[in-house]
Trainee: 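Dumping the structure here so I can ask a few things about it.
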Amino acid sequence: MVRFRTDALFLIAGPCVLESDALNLRVAEHLARLAERVPGGIIYKASFDKANRSNKDAARGPGIDEGLAALARVRAKTGLPVLTDVHLPEQCAPAADVVDVLQIPAFLCRQTDLLEAAGATGKPVNIKKGQWMHPEGMKGAVDKVRGDAGSSHSAQTALRSAQVALTERGTFFGYGDLVVDMRSFARMRALCNVPIIFDATHSVQQPGRGIGGASGGAREFIPPLAQAAVAAGADGLFMETHPDPDHAPSDGPNMIPLDKLDSLVDRLIQVWELAKR
């Protein structure tokens, strides 16, 4: 079973949204090779639906049925555990039949029915911190997944079997930019007592500043922010990657090119080891 580790740096990585099998597997096979030198391993991520885009014409992805089938092929071909977002309570059970980890998008981190449904599957759940939330405010989300929010005793027993992690992905600052408070890792861990992940790619997203109102991004800041987060105590990292980010259907400006990922991860492992001494 997948475990969010605190004793070894782990990575969640993959394209923003599922594309063709050729692209999905190209990225996954690269990550499978890289996983051999990542102490805590790699979880492959990709979304079957980008349901929270600002632009109504933005790429959504293949949908749940086709998307889960594609993720199953990635898992079978590479042996990597896989993660995907869920947006509705009714998506949780079918997704959990296929994937190893369910992820709650930042904009949905307070949705009680969704959090409880994700926890009820017993699968590990990664909750992204909302861009408007203070670190301590995420305890409620963790409690909902674990069943500590007023559910019946029988439901609590099932819900508490789920592992939970929280992901910092930056906070809105004015318009069209995000800022990362490096204190968040220690503050969330102290109150919530769960592993803390840093989303190095969405933290450099610039909502609404891309072409045609799409999200822009400043991927050149991914390496320094990721290194700072690891030094500040992040247990794991989330990084979207693509062989050709400039032509990716979603979030290309804030994805790291696949051919630059390995050297960055090697540096991050070194920083993590120094920080833990």
Side-chain angles (χ1 to χ4, degrees), residues 1-5 10-25 27-29 31-32 35 40-52 59-109 111-128 141-147 149 151-152 154-167 194-195 197 236 238 240 250:
M1 183 177 182
V2 171
R3 184 161 64 93
F4 299 125
R5 297 180 62 171
F10 64 93
L11 177 64
I12 299 171
C16 177
V17 65
L18 285 159
E19 300 182 39
S20 67
D21 271 354
L23 184 285
N24 301 335
L25 290 170
V27 175
E29 288 169 352
L31 294 174
I42 294 179
I43 301 168
Y44 179 91
K45 68 80 47 187
S47 300
F48 59 77
D49 184 10
K50 303 303 294 184
N52 55 357
R60 289 280 302 261
I64 187 168
D65 294 334
E66 185 179 337
L68 291 177
L71 287 165
R73 291 191 289 272
V74 166
R75 194 173 187 266
K77 180 72 173 179
T78 67
L80 288 174
V82 296
L83 169 154
T84 199
D85 300 291
V86 285
H87 300 87
L88 299 167
E90 55 266 31
Q91 293 177 341
C92 293
D97 285 340
V98 175
V99 306
D100 301 277
V101 183
L102 299 177
Q103 181 166 275
I104 307 299
F107 283 116
L108 301 178
C109 70
Q111 296 296 105
T112 300
D113 291 346
L114 176 61
L115 291 160
E116 290 185 346
T121 67
K123 288 294 179 77
V125 179
N126 179 34
I127 312 169
K128 290 198 168 184
V142 173
D143 290 345
K144 290 174 184 179
V145 171
R146 287 178 167 166
S151 301
S152 68
S154 59
Q156 288 181 22
T157 301
L159 289 167
R160 286 192 177 121
S161 67
Q163 297 181 57
V164 184
L166 292 174
T167 294
V194 298
I197 300 166
F238 178 108
E240 291 186 337
S250 179

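One-based numbering along the sequence shown.
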Trainee: Checking side-chain contact (heavy atoms from CB on, under 4.5 Å) for the pair Ile43/Asp100: CA distance, chi angles, key distance, verdict?
Mentor: CA-CA 9 Å; Ile43 301 168; Asp100 301 277; 6.0 Å; no
Trainee: Return the SG to CG distance between Cys92 and Asp113, rounded to the nearest 0.5 Å.
Mentor: 10.0 Å
Trainee: Would you compute the distance between atom CZ of Phe48 and atom CG of Leu71 and round it to the nearest 0.5 angstrom?
Mentor: 8.5 Å
Trainee: Where is the tightest heavy-atom contact between Ala165 and Ile197, given as atom of each residue plus distance?
Mentor: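 Shortest heavy-atom contact: CB-CD1, 3.8 Å.
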Trainee: Less than 3.5 Å apart, any donor N or O on the side chain of Thr167 or Lys128 sitting next to an acceptor on the other?
Mentor: no
Trainee: Nearest heavy-atom pair of Ala13 and Leu31: which atoms, and what distance?
Mentor: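 Smallest interatomic distance, heavy atoms only, reads O-CD1, 3.4 Å.
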Trainee: Take Lys45 and Glu240 through the side-chain contact (heavy atoms from CB on, under 4.5 Å) test and state the conclusion after the steps.
Mentor: CA-CA 8 Å; Lys45 68 80 47 187; Glu240 291 186 337; 2.8 Å; yes
Trainee: Got a sec, which residues hit salt bridge (charged side-chain N to carboxylate O under 4.0 Å, His left out) with Arg3, two or more places apart in sequence or on another chain?
Mentor: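 Result, salt bridge (charged side-chain N to carboxylate O under 4.0 Å, His left out) vs Arg3: none returned.
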Trainee: Take atom CD of Glu90 as the centre, draw a 6.0 Å sphere, and report whether it contains more than 12 heavy atoms from other residues, nucleotides or ligands.
Mentor: yes
Trainee: Nearest heavy-atom pair of Val101 and Phe4: which atoms, and what distance?
Mentor: CG1-CZ, 3.8 Å
Trainee: Between Asp49 and Ile64, is a side-chain contact (heavy atoms from CB on, under 4.5 Å) present by the stated rule, with each step listed?
Mentor: CA-CA 7 Å; Asp49 184 10; Ile64 187 168; over 6 Å; no
Trainee: To check you understand the geometry: which heavy-atom pair defines the closest contact between Val164 and Val142, and what is its length?
Mentor: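 The answer is CG1-CG2, 4.1 Å.
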Trainee: Rounded to the nearest 0.5 Å, what's the gap from CG on Leu114 to CG on Leu88? Could you check?
Mentor: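 Result: 7.5 Å between the selected atoms.
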Trainee: If every non-hydrogen atom of Ala141 is compared with every non-hydrogen atom of Cys109, which pair is closest and at what distance?
Mentor: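 Nearest pair, atom of Ala141 first, then Cys109: CB-O, 3.4 Å.
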Trainee: Would you find a donor on one side and an acceptor on the other, under 3.5 Å apart, between the side chain of Tyr44 and the backbone of Asn24?
Mentor: yes
Trainee: Could you tabulate the donor-acceptor pairs under 3.5 Å formed by side-chain atoms of residues 77-86, not counting sequence neighbours?
Mentor:
residue	atom	partner	partner atom	Å
Thr78	OG1	Val74	O	2.8
Thr78	OG1	Leu80	N	3.1
Thr84	OG1	Ala46	O	2.8
Asp85	OD1	Gln103	NE2	2.8
Asp85	OD2	Ser47	OG	2.4

Trainee: Which heavy-atom pair separates Val125 from Ala118 by the least distance, and what is that distance?
Mentor: CG2-O, 3.9 Å
Trainee: Just jot down the salt bridge (charged side-chain N to carboxylate O under 4.0 Å, His left out) partners of Asp21, sequence neighbours excluded, or say none.
Mentor: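 Per chain and number, Asp21 pairs via salt bridge (charged side-chain N to carboxylate O under 4.0 Å, His left out) with Arg73.
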Trainee: With distance as the sole test, does Lys123 use its side chain to make a donor-acceptor pair with the main-chain N or O of Ala96 at under 3.5 Å?
Mentor: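 Answer holds: yes.
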Trainee: Can you tell me how far CD1 of Ile127 sits from CG of Leu108, rounded to the nearest 0.5 angstrom?
Mentor: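 Separation between the atoms: 11.5 Å.
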